[in-house]
2 protein chains.
Amino acid sequence: MRTTSAFARTPRPPYYVVIFSSVTSHTDDGEYQHEAQRMLDLAASQEGFLGIERTRGVDGFGISVSYWTSRSAIAHWKANADHLAAQRKGNEVWYDHYEIRIAKVDRAYGKNPRTAIG
Amino acid sequence: MRTTSAFARTPRPPYYVVIFSSVTSHTDDGEYQHEAQRMLDLAASQEGFLGIERTRGVDGFGISVSYWTSRSAIAHWKANADHLAAQRKGNEVWYDHYEIRIAKVDRAYGKNPRTAIG
């Protein structure tokens, strides 16, 4: 089982989220894997990035949720030149179908063993 | 590869979303599987339900994103008696860690082979 580091450590709301749902048949493709990791690292270096959670099932359907301080941080990330090239490749080659939804988080709660008492 | 039915068919924004990220070690547990499916079916029968997307990796980390017409639809679903019992069990037994975030979607776009031209 993965450790709790799979979770993003987000602040109290409000903050913003990009939900990226996709189907790819390229999960075993080295170039795809390399680019996906490079985009993750690049996203994490952007102003306003708060964290990311992602998972993909063996069927190729995946969900990636990235968290941001503001809508403008999301817009800047979308317009990043390196990211634009990856988006183009994703659109043309890697993803058979994807949906992107941008939303404002205004409520958050959970169960976190790191912060639990006892 | 899974068909495009893994995607929720949501209307034009605005609409609302519940992002449920979790870690479980019970993926092979028959009772868990049964209850998860039962809750999916029950959610789908609720007033204001628009759709759901979900996936879990082999590491036990999963993301489930459900879409709703309104905040009150989400509140009603959270307060459903059957769902409350499942939430209690999830909290006490099934999920080692989970995070729930509620957000308002105000922008959506994507690539959908069903609606593409040519």
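In the text below, chain A, chain B and the rest are named by the order of the sequence lines, each starting its count at 1.
- In this structure the side chain of B:Asp106 reaches within 4.5 angstrom of the side chain of A:Arg71, judged on heavy atoms.
- Across all their heavy atoms, B:Ala8 and A:Arg101 have their closest contact at O-NH2, 3.4 Å.
- Sparse packing is recorded around CZ of A:Arg9, with 12 or fewer heavy atoms of other residues, nucleotides or ligands lying under 6.0 Å away.
- Residues B:Ile74 and B:Leu50 are members of separate hydrophobic clusters, defined by side-chain heavy-atom contacts under 4.5 angstrom among Ile, Leu, Val, Met, Phe, Trp and Tyr.
- Shown here for A:Tyr95 and B:Lys111, the closest heavy-atom pair between the two residues is O-NZ, 2.6 Å.
- Residues B:Tyr15 and A:Tyr16 fall into different hydrophobic clusters, defined by Ile, Leu, Val, Met, Phe, Trp and Tyr side chains chained together at heavy-atom separations under 4.5 Å.
- With a 4.5 Å cut-off on non-hydrogen atoms, A:Arg107 touches chain B through its backbone and its side chain both.
- Counting heavy atoms of neighbouring residues, nucleotides and ligands inside a 6.0 Å radius, atom NE2 of A:His26 exceeds 12 of them.
- Nearest approach of A:Pro113 to B:Asp96, heavy atoms of both residues: CD-O, 3.3 Å.
- Surrounding CD of B:Gln33 are more than 12 heavy atoms belonging to other residues, nucleotides or ligands, all under 6.0 Å away.
- Ranked by heavy-atom pairs under 4.5 Å with chain B, the first of A:Pro14, A:Ser22, A:Gly62 is A:Ser22.
- Not a single donor-acceptor pair under 3.5 Å links the side chain of A:Thr55 to the backbone N or O of B:Ile63.
- Among B:Val18, B:Thr27, B:Val17, B:Ile19, the residue making the largest number of heavy-atom pairs under 4.5 Å with chain A is B:Ile19.
- Note: the hydrophobic cluster containing A:Trp68 does not contain A:Val105 (ILVMFWY, side chain heavy atoms under 4.5 Å, direct or indirect links).
- The aromatic rings of A:Phe61 and B:Phe7 stand perpendicular to each other, their planes meeting at an angle above 60°, with 30° marking the opposite boundary.
- The environment of NE2 in A:His83 is crowded: more than 12 heavy-atom neighbours from other residues, nucleotides or ligands sit within 6.0 Å.
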